[in-house]
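Shown next, in structure tokens, is the structure this report addresses.
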Amino acid sequence: MNYLLRGIGVIATVGAVSLLAFSLPSGEAHGDGGGNVLPRLTNKAWQQECASCHIAYAPALLPKASWRRLMGGLDQHFGENASLDPATQADILRFLEANAADSGTSRMGNRVMQGMNPNEAPLRITETRWFVRKHDEVSRATWSRKSIGSAANCAACHRQADQGVFDEDTVRIPK
Amino acid sequence: MIKRSFLSALAILGMASAVAVAADTPASLMAQYAKQAGVPVSALSAPRGAALYRTEHPGRDGQAVSCAGCHTANPTQAGRSRVGKRIEPLAPAANPQRFTDAAKVEKWFRRNCQDVLQRECSAQEKGDFIAWLSQAR
């Protein structure tokens with residue numbers, strides 16, 4: 001009987017630990033990789049949901065207010081319905097806010113915030129002054145190449161974009 | 001006794017995880033949608049599913065949209081999202097992961113029917129769609 005109780009105890013502990021693990025605000029930063037390399041972040045829902053249509057854009061590329069607007073309008077997400085169930089949506093927003101450009105968790109985020117008005121909440125990363133300045137040498141014709149498609153396709157040129165690496169050494173602009 | 005309670009603990013955990021990842025199949029989803037539509041599974045139609053997949057509709061910005069627009073005319077091939085990301089093939093023959101998770105299937109019907117048809121799909125349409133894709137080779 002003792003053993004049975006102990007067995008139940010083990011199950012309860014395993015259950016409690018795994019419940020905790022899943023309910024904690026997920027998404028840990030693993031250190032800032034420097035100016036053009038983003039901290040390695042993990043959040044299962046962010047990766048799974050956002051990256052089904054495009055790369056999972058790093059939270060440090062927009063401020064919290066932008067992420068709130070964006071996640072509040074997923075049913076009309078740049079012309080597409082990207083709606084989520086409320087629990088997943090809330091989980092992803094928590095992660096985005098915790099690591100947003102104005103959360104102070106990355107150097108890239110600090111740079112994105114430079115030159116942004118405090119009440120600004122752009123929906124497109126490509127509308128931030130930081131993005132425009134960084135890409136001022138890329139012509140309109142280059143953006144619209146078939147191999148690139150649009151400025152939303154980071155990985156066309158930043159070959160390691162999905163790992164948060166944006167330094168110039170990894171850039172190769174396709175023909 | 002230790003062994004027995006350990007084994008029963010394992011069994012309980014095993015059952016719990018089996019419930020957590022209830023595996024759906026194209027056939028079980030077709031059965032579900034047929035039931036919802038109040039028709040026998042035999043009333044689901046692959047040709048109607050194919051028509052649903054291919055028919056172009058006026059999209060929000062005036063451009064014609066269809067399932068085939070992103071998933072390509074041949075659903076055993078990979079498609080491309082609007083921003084250029086690869087979409088794995090939709091036909092189970094080419095991608096066995098498809099139609100194995102009811103929640104995921106419902107999520108994408110909800111989104112994509114709104115985008116393509118500007119309305120939700122009926123249970124019958126969903127059943128037809130899977131009927132067609134299940135036999136696409």
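Labels below follow one simple rule: chain letters A, B, ... track the order of the sequence lines, proteins then strands, and each chain is numbered from 1.
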Is it the side chain or the backbone of Gln48(A) that comes within 4.5 Å of chain B heavy atoms, both, or neither?
-> neither

Please answer: with hydrophobic residues joined when any side-chain heavy atoms are less than 4.5 Å apart, are Met108(A) and Val132(A) in the same cluster?
-> no

Using a cut-off of under 4.5 Å on heavy-atom pairs, state which of Lys85(B), Arg111(B), Arg80(B) scores highest against chain A.
-> Arg111(B)

Any chain of hydrophobic side-chain contacts (each under 4.5 Å) joining Trp143(A) to Ile125(A)?
-> yes

Under 4.5 Å from any heavy atom of chain B - which part of Ala51(A) = both

Nearest non-hydrogen partners of Cys53(A) and Ser81(B), listed with the distance = O-OG, 2.7 Å

Show the atom names and distances, to 0.1 Å, of all donor-acceptor pairs under 3.5 Å that link a side chain in residues 71-88 of chain A to residues at least two apart or in another chain.
unit_1, atom_1, unit_2, atom_2, d
Glu80(A), OE2, Arg82(B), NE, 2.6
Asn81(A), OD1, Ser83(A), N, 3.0
Asn81(A), OD1, Ser83(A), OG, 2.7
Ser83(A), OG, Arg110(B), NE, 3.0
Ser83(A), OG, Arg110(B), NH2, 3.1
Asp85(A), OD1, Thr88(A), OG1, 2.7
Asp85(A), OD2, Ala87(A), N, 3.3
Asp85(A), OD2, Thr88(A), N, 3.0
Asp85(A), OD2, Thr88(A), OG1, 2.9

For residues 161-175 of chain A, tabulate all N or O donor-acceptor pairs below 3.5 Å that involve a side-chain atom, not counting sequence neighbours.
unit_1, atom_1, unit_2, atom_2, d
Asp167(A), OD1, Thr170(A), OG1, 3.4
Thr170(A), OG1, Asp167(A), O, 2.7

Is it true that Val83(B) and Phe131(A) fall in one hydrophobic cluster, defined by side-chain heavy atoms closer than 4.5 Å?
-> no

With chain A as the partner chain, list the residues of residues 117-137 of chain B whose heavy atoms fall under 4.5 Å from it, by residue number, and write 'none' if nothing qualifies.
-> none

Who pairs with Ser52(A) by side chain to side chain contact (heavy atoms under 4.5 Å, CB included), at least two apart in sequence or on another chain?
-> Trp108(B)

If Ile, Leu, Val, Met, Phe, Trp and Tyr residues are connected whenever their side-chain heavy atoms lie under 4.5 Å apart, and connections chain through other members, are Tyr53(B) and Ile87(B) in the same group?
-> no

